[in-house]
Every structure is written in C-alpha cells, then in structure tokens.
There are 2 protein chains.
Amino acid sequence: MPYRSTVHESLAAVFQVRQLRTTSAGRPELAVLLWQRALDPERGTWALPGGRVCDDEDIETSARRQLAEKVDVCEVSHLEQLSVFSDPDRVPGERRIASAFLGLVPATTDPRLPTDTSWHSVAALPPTSFDHGVLVAEARARLAAKLSYTNIAFGLAPPVFTMSELREIYRAALGYDVDSTNLQRVLNRRKVLSPTGDTAPPGPTGGRPATMYRFTDSSLRVTDEFAALRPPG
Amino acid sequence: MPYRSTVHESLAAVFQVRQLRTTSAGRPELAVLLWQRALDPERGTWALPGGRVCDDEDIETSARRQLAEKVDVCEVSHLEQLSVFSDPDRVPGERRIASAFLGLVPATTDPRLPTDTSWHSVAALPPTSFDHGVLVAEARARLAAKLSYTNIAFGLAPPVFTMSELREIYRAALGYDVDSTNLQRVLNRRKVLSPTGDTAPPGPTGGRPATMYRFTDSSLRVTDEFAALRPPG
C-alpha cells in the first residue's frame with residue numbers, strides 16, 4: 001500500500017509569567033509565545049513556533065533550534081515533551097505529525113522577539129492556527145498538574161524571589177489564587193526552596209523585610225510521592 | 001534542502017504482572033510483551049509490538065491496531081504516550097521516528113499470543129532490538145512514578161482483589177516490597193479503592209476472611225496533588 005508523504009514537525013508552547021501591556025489590572029499573567037502567519041493556509045492566525053525536524057537532529061534538538069531561529073528564544077529553563085498530535089487531517093495538504101513541547105522561560109528574562117511574534121495571555125488567545133489552541137490547552141494543563149506534584153515552578157520563577165512574588169507566579173500559572181502561608185508550608189516540607197540569606201527591602205507600606213528564596217533544583221523532580229511507596233533505604 | 005525519507009511508527013511496551021514459567025520462587029513479576037525478529041536487521045533479537053502509522057489513523061489508533069493485529073492483544077486497560085524516540089540513527093536504513101506507548105493488561109487476563117511472541121521478565125530481558133530496551137526502561141520508570149501519585153495500578157490489578165494481592169502487584173511493578181498496612185492507609189486516604197462488600201475465603205492457614213476491593217475509577221487520575229494548590233470550591 002502506498003503511503004502519503006508525511007512530515008514530522010516539532011511545536012512548542014513556551015510559557016512565561018509576565019506583565020502584558022494589555023492588562024489594565026496590572027497583575028502578571030501566564031503568557032504564550034505566538035507568531036502571526038503571513039501566508040495561507042490560515043493567514044492571519046497565530047501559530048506556535050516550530051517546524052520540520054531535520055535529518056540530523058532528534059525532536060528536542062529540533063524544538064530548541066526552531067525556538068532560537070524563528071522566535072529568537074535561545075534559553076528555555078525547562079522543555080518537556082507533551083503528546084504527539086497526529087490526526088491525519090490536522091493540517092491541510094501534506095500530512096504533518098507534530099511532537100508537542102512545553103517550554104518555560106523565567107519571569108525575569110525578556111527575549112528580543114521578531115516583529116511577527118508576541119506574548120499572548122493564555123486566558124485570552126487570539127485566533128490560533130490549526131490545532132495549536134488545543135496544544136496550548138494541553139501544555140497549560142500539564143503545567144498546572146506538575147505544579148501540584150513536582151518542583152516545575154523553578155522554570156517560571158526568577159532566580160531569587162520573595163514568597164509573595166512566588167505566589168504571583170503560582171496564581172498566574174494555575175489561574176486561581178493560592179494561600180501564601182500554605183504554599184510556603186508545602187514547599188518547605190518538600191524541600192523545594194532554599195533561603196538565600198538575603199532579604200528584600202520593605203515595600204512602600206513598610207513591614208518586615210521579606211526573606212528571599214531560590215529553588216533548590218533547576219531540573220524537574222517529583223516532590224510528592226506516596227511516602228509508603230518510596231524505595232527502601 | 002532535500003529530506004531523507006522518514007517513517008513514523010508506534011511502539012508499545014505492554015506490561016502485565018504475571019507468574020512467569022521461568023520463575024522458580026513462584027512470585028508474580030512485571031512482564032513485558034516481546035516478539036522475536038525472524039529477519040535482519042538484528043534477527044533473533046526481541047522487539048516491542050508496533051509498526052508504521054497508516055495514513056488514516058492517529059498514533060494511538062495505530063498502536064491499538066498493531067497490538068490487535070501483531071500480538072493479538074485486543075484489550076489494554078490503559079494506554080498512554082511516552083516520549084518520542086527520534087535519534088536519526090536509531091534504526092539502520094530509512095529513518096523511523098517512533099511514538100512510544102505504555103500499555104497495561106490486568107493480571108487476570110491471558111491473551112492468546114502468536115508463536116513468535118511471549119512475556120518476559122522486565123528484570124531479565126533477553127537481547128532487545130534497536131533502542132527497545134531503553135523504551136522498556138522508560139515505560140517502567142513512568143509506571144513506577146505514576147504508581148506514586150496516581151491510581152494507575154487499576155490497569156494492572158484484577159477486577160477485584162484482596163489487599164495482599166494488590167500488594168503483590170505493587171511489589172512486582174515497583175521492583176521492591178511495600179508495607180501492606182501503609183499501602184492500604186495511603187490508598188484509602190486518596191479514595192482510590194472501594195470495598196466490594198465481599199470477602200475472600202480464608203487461605204490454608206485460616207485467619208480472618210480478607211476484604212475484597214476494586215479500584216473506584218478505571219481511568220487515570222492524579223490522586224496526590226498539593227492540597228494547598230487545589231482549585232477553590
């Protein structure tokens with residue numbers, strides 16, 4: 001049986017918690033990096049960065065290259081595979097099977113973007129290309145799930161932060177508020193954070209100087225295993 | 001730039017906890033389904049079931065079809081995507097990009113297998129084809145991780161079981177023993193199990209009749225979220 005020509009591509013939903021200019025309330029939001037298609041099909045819609053996997057690279061190498069080449073994002077703090085998007089009709093024309101990725105950029109970096117590319121609030125996406133909106137939703141769901149049983153917030157947080165800054169990151173990424181005291185208690189118990197020894201200067205309303213923290217690890221680990229199921233020793 | 005011809009394939013590591021004939025000690029082990037290659041390349045090595053994704057199917061449909069057609073496994077209790085294996089040189093000849101899957105079969109089913117196919121202890125694999133051994137290791141690691149923060153054991157357990165039978169499933173899947181009392185306490189707290197109302201007849205040594213349980217859900221859910229990070233309400 002002859003097979004249809006098939007391309008394998010990588011596509012990355014890169015998230016950052018940032019102050020979007022369009023936000024009047026002024027609180028940071030979870031944002032995703034999109035570029036606007038200048039050509040058909042679906043001209044004018046917003047697409048995730050990505051493209052064809054080259055012969056000499058694996059899919060993760062390809063995803064990192066496309067982020068560097070196409071949207072000038074050279075450093076992601078975390079990149080992980082999501083599912084593969086393989087509906088035979090997901091794009092018109094030649095079949096494209098897409099390996100989806102979740103990428104994270106720390107809140108304090110501000111990559112220089114090409115003119116067709118910008119950050120968009122995940123809560124208010126513009127019209128997206130093909131199945132890219134579904135991919136963004138899957139990436140966000142994965143992020144929210146991993147916030148609850150891993151240290152993945154290291155990928156979104158600045159290098160050092162106060163607990164109230166970290167709470168803003170969690171609020172933006174989860175889409176709802178979390179209690180600062182509970183958050184601190186949980187993260188301390190899981191040994192996810194380390195105090196830096198410094199304090200932040202008090203804000204305009206005064207009060208105690210806030211303790212500065214950093215994430216103990218800068219790669220993903222599961223923090224919330226069943227204690228009863230840990231390996232012996 | 002011209003591109004090398006590339007095939008997209010699915011490959012599934014299907015696990016079952018079963019009594020393997022080669023085990024003298026007689027306790028059930030985590031087993032994986034492999035078939036022996038009759039042709040080169042790598043003739044005689046043991047491979048995971050899978051194959052080329054057809055034009056009219058997505059990768060999960062393809063994985064299920066190949067399991068049914070090639071190893072006669074028509075029912076898996078759980079099937080989930082692992083990572084994509086995409087090293088340009090992972091197999092000789094035409095490039096093959098493989099979507100890997102983890103599949104689970106309940107301990108009580110005994111699928112009829114083709115003559116070239118058999119169950120093998122994950123702890124003592126025969127020589128495996130290409131990168132299939134790495135894939136089995138990744139599948140096993142995913143299973144062990146998910147045993148600690150999800151209800152994934154529903155995919156390996158019989159429909160109803162005693163706590164000591166379930167403990168054998170966990171022991172085999174994790175590769176180390178777990179305490180039965182702890183296991184029961186943790187699973188009860190997470191509301192993963194429901195008592196059926198029946199008891200098992202006492203064994204040859206007598207004792208109290210054992211309570212029979214079943215898994216409350218037959219699809220995957222995360223059971224072990226940070227309580228502090230649950231959505232409101």
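So you know, we letter chains A, B, ... as the sequences are listed, proteins then strands, and number each from 1.
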Contacts with chain A made by residues 65-85 of chain B (heavy-atom distance under 4.5 Å), listed by residue number:
B:Q81, B:S83, B:V84
Check each atom of B:I59 against the heavy atoms of chain A and say whether the ones under 4.5 Å are side chain, backbone, both or neither.
both
Please name the pair of heavy atoms, one in A:D58 and one in B:P88, separated by the smallest distance, quoted to 0.1 Å.
N-CD, 4.2 Å
Audit row: B:V53, A:R95, side chain to side chain contact (heavy atoms under 4.5 Å, CB included) steps and yes/no:
CA-CA 12 Å; B:V53 177; A:R95 183 173 190 183; 3.9 Å; yes
Sequence neighbours left out, what passes side-chain contact (heavy atoms from CB on, under 4.5 Å) with A:E165? Give chain and number order.
A:F161, A:T162
